[in-house]
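Have a look at the structure below, then the notes.
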Amino acid sequence: MTTTLAAAWTGHDTRLIGATVLAIAVIVVLITKAKQHPFLALILGSGVLGLVGGMPVDKLIKSFSSGVGSTVASVGVLIALGAMLGKLLADSGGADQIVDTILRRAGDRALPWAMALVAALIGLPMFFEIGLVMLIPVILLVAKRTGKPLLMLGIPALAGLSVLHGLVPPHPGPLAAAGALNANVGLTLAFGLLVAIPTVIIAGPLFGRLAAKMVPDAVAPERLIPESSSSDGRRPGFLATLSTVLLPVVLMMGKALADILLEKENHVRRVLDFIGDPLVALLAAVLLGMLTLGKSAGFTRDKLSSTVADSLPPIAGILLIVGAGGGFKQTLVDAGVGNVITSLATGANLSPLLLGWLVAVAIRLATGSATVATVSAAGIVAPLAATMDPSHSALLVLAIGAGSLFFSHVNDAGFWLVKEYFGLSVGQTLKSWSIMETVISVVAIALILPLGALL
């Protein structure tokens, strides 16, 4: 029996593993050395995987195309709706309202915790880069007015944004992974928030104090510090803004609880399943936001229309990356790579959650992109999720998301954003931002693994 397995492993399986390693290497080199867009890199990597792995050309093209189509259909619409909600929040002044209200009520000692909370609330419907650009003026202004060390306030805010970006739907990475693994988005959201809270606390306010001591001379460029954070224009109220931001979270968590507690034939569950579907929940939040955010800020119909329209061009690149990542995932599945990984993990008695984390860590370190790491790792370990119950497949999504955040360095766009906005050197950015990302990744998987053992 052992001889037969060894013979099988040294034949077709070896070729598939070699093809996968080569494909990932091609993606890494194209992104990091050739400076190609990840969209092109993923397309070419998928081609290398299929051709070297022995797939017929017609099957290769069909696999990639179907993967792109199904991913964009399931995830792309959600990303677009999330972008619309984020743009409404930003342009209406709703984000400023959340920031001002929380900071006004926070005492001097609670400021780092307040910054983490502000970032978490703003980060729910927004992509990391958008949330960072919005928060930077607030962080710099608060640091200047209070005299607090810049990183003591900045690290908690960055942690709040980054944790949500990696672990909590409706962000692109968790959504794409949930789609690839057929995981319940509501359960992923519920477990994601459960893991996110202690992770933000440890990597944010607690590590922020250490980072401030490690980089005590961090000073933001004066040109980036706004003169005033106040606004004379109309803004939506705090409760209205908060309710709009949290609506999709509440609806999706309601669906998750109904799926656990109620029978399939129950009418209440059917209603909650409908309104808690991510598409319906985010659409409801966008429509509500047009009233609670747009109308409250005095938007005309034309302004409301332009705000929604302007939210879409910036996410075109993200949609293409996620779509191509879905194509790469489907190519992996149809080539049979996932089955090889599954048998290898079973033989090595390696936890699927730990395997998903390790694969995502490797791709993150190589490519620098959390989204590429998430969608690629999800494709590689997807067959493992086929035999999992809904709780464990949701935890596998989180394990992959946690791995995708590990040690951001010079090949990550976020690294350079933080470096420039905070006026840091490369070494200082490594000692603060990069270590913070690693803390997030390690703490999250340290929480996910025991959850997997208990459930």
Side-chain angles (χ1 to χ4, degrees), residues 89-90 93-126 128 130-165 168 193 196-231 235 237-239 241-242 245-246 414 417-424 428-429 431-437 439-440 443:
L89 188 65
D96 292 331
Q97 185 68 274
I98 291 176
V99 168
D100 291 348
T101 302
I102 291 178
L103 293 184
R104 193 166 54 243
R105 295 174 181 271
D108 196 48
R109 288 187 175 183
L111 271 178
W113 301 85
M115 295 305 299
L117 179 59
V118 166
L121 289 174
I122 288 179
L124 274 172
M126 289 190 177
F128 175 82
I130 299 172
L132 177 60
V133 170
M134 286 181 54
L135 277 176
I136 283 298
V138 177
I139 296 169
L140 303 186
L141 190 63
V142 173
K144 181 179 181 180
R145 287 180 177 176
T146 62
K148 294 281 187 184
L150 178 60
L151 291 181
M152 185 181 287
L153 301 176
I155 288 294
L158 293 173
L161 286 174
S162 188
V163 169
L164 290 170
H165 174 72
V168 181
L193 291 173
I197 292 170
T199 303
V200 169
I201 290 172
I202 294 170
L206 297 183
F207 175 70
R209 293 183 180 276
L210 180 60
K213 293 177 181 177
M214 294 169 64
V215 189
D217 53 346
V219 179
E222 191 68 29
R223 71 181 188 280
L224 296 179
I225 303 176
E227 294 182 3
S228 174
S229 62
S230 62
S231 173
R235 304 197 292 196
F238 175 73
L239 289 178
T241 304
L242 191 62
V245 171
L246 295 181
L417 273 175
V418 172
K419 176 189 176 298
E420 295 303 318
Y421 276 128
F422 284 82
L424 304 173
Q428 289 174 327
T429 312
K431 287 194 290 186
S432 52
W433 160 256
S434 299
I435 294 179
M436 182 207 78
E437 288 282 87
V439 170
I440 289 172
V443 169

For a quick test of reading the model, state the closest non-hydrogen atom pair linking [X] to [Y] and the distance between them.
X: Ser432; Y: Leu151; answer: CB-CD1, 3.8 Å
X: Pro205; Y: Pro112; answer: CG-O, 4.0 Å
X: Ala106; Y: Ala114; answer: CB-CB, 3.6 Å
X: Leu150; Y: Ala143; answer: CD1-CB, 4.1 Å
X: Met436; Y: Ser162; answer: CE-CB, 4.3 Å
X: Pro149; Y: Ala212; answer: CB-CB, 3.9 Å

Exercise. May I have all residue pairs that pass side-chain hydrogen bond (donor to acceptor under 3.5 Å, both in side chains) and include part of residues 207-219, sequence neighbours excluded?
Key: Asp217-Gln428

Quiz prompt | Check: Phe422 and Thr429 side chains under 4.5 Å, non-hydrogen atoms | solution = no

Practice problem: Report yes if the side chains of Ile435 and Phe207 come closer than 4.5 Å at any heavy-atom pair, otherwise no. | Solution: yes

How long is the gap from [atom1] on [X] to [atom2] on [Y], to the nearest 0.5 Å?
X: Ile440; Y: His165; atom1: CD1; atom2: NE2; result: 10.5 Å
X: Ile201; Y: Trp113; atom1: CD1; atom2: CH2; result: 5.0 Å
X: Trp433; Y: Ile155; atom1: CH2; atom2: CD1; result: 8.5 Å
X: Ile197; Y: Leu193; atom1: CD1; atom2: CG; result: 6.5 Å

Self-check item: Set of residues satisfying side-chain contact (heavy atoms from CB on, under 4.5 Å) with respect to Gln97, sequence neighbours excluded
Solution: Thr101, Arg235, Phe238

Quiz item: How would you list, by chain and number, every residue that makes a salt bridge (Lys or Arg N to Asp or Glu O under 4.0 Å) with Lys431, sequence neighbours excluded?
Solution: none

Quiz item: Per the side-chain contact (heavy atoms from CB on, under 4.5 Å) rule, which among Val443, Val163, Leu164 passes with Val200?
Solution: Val163

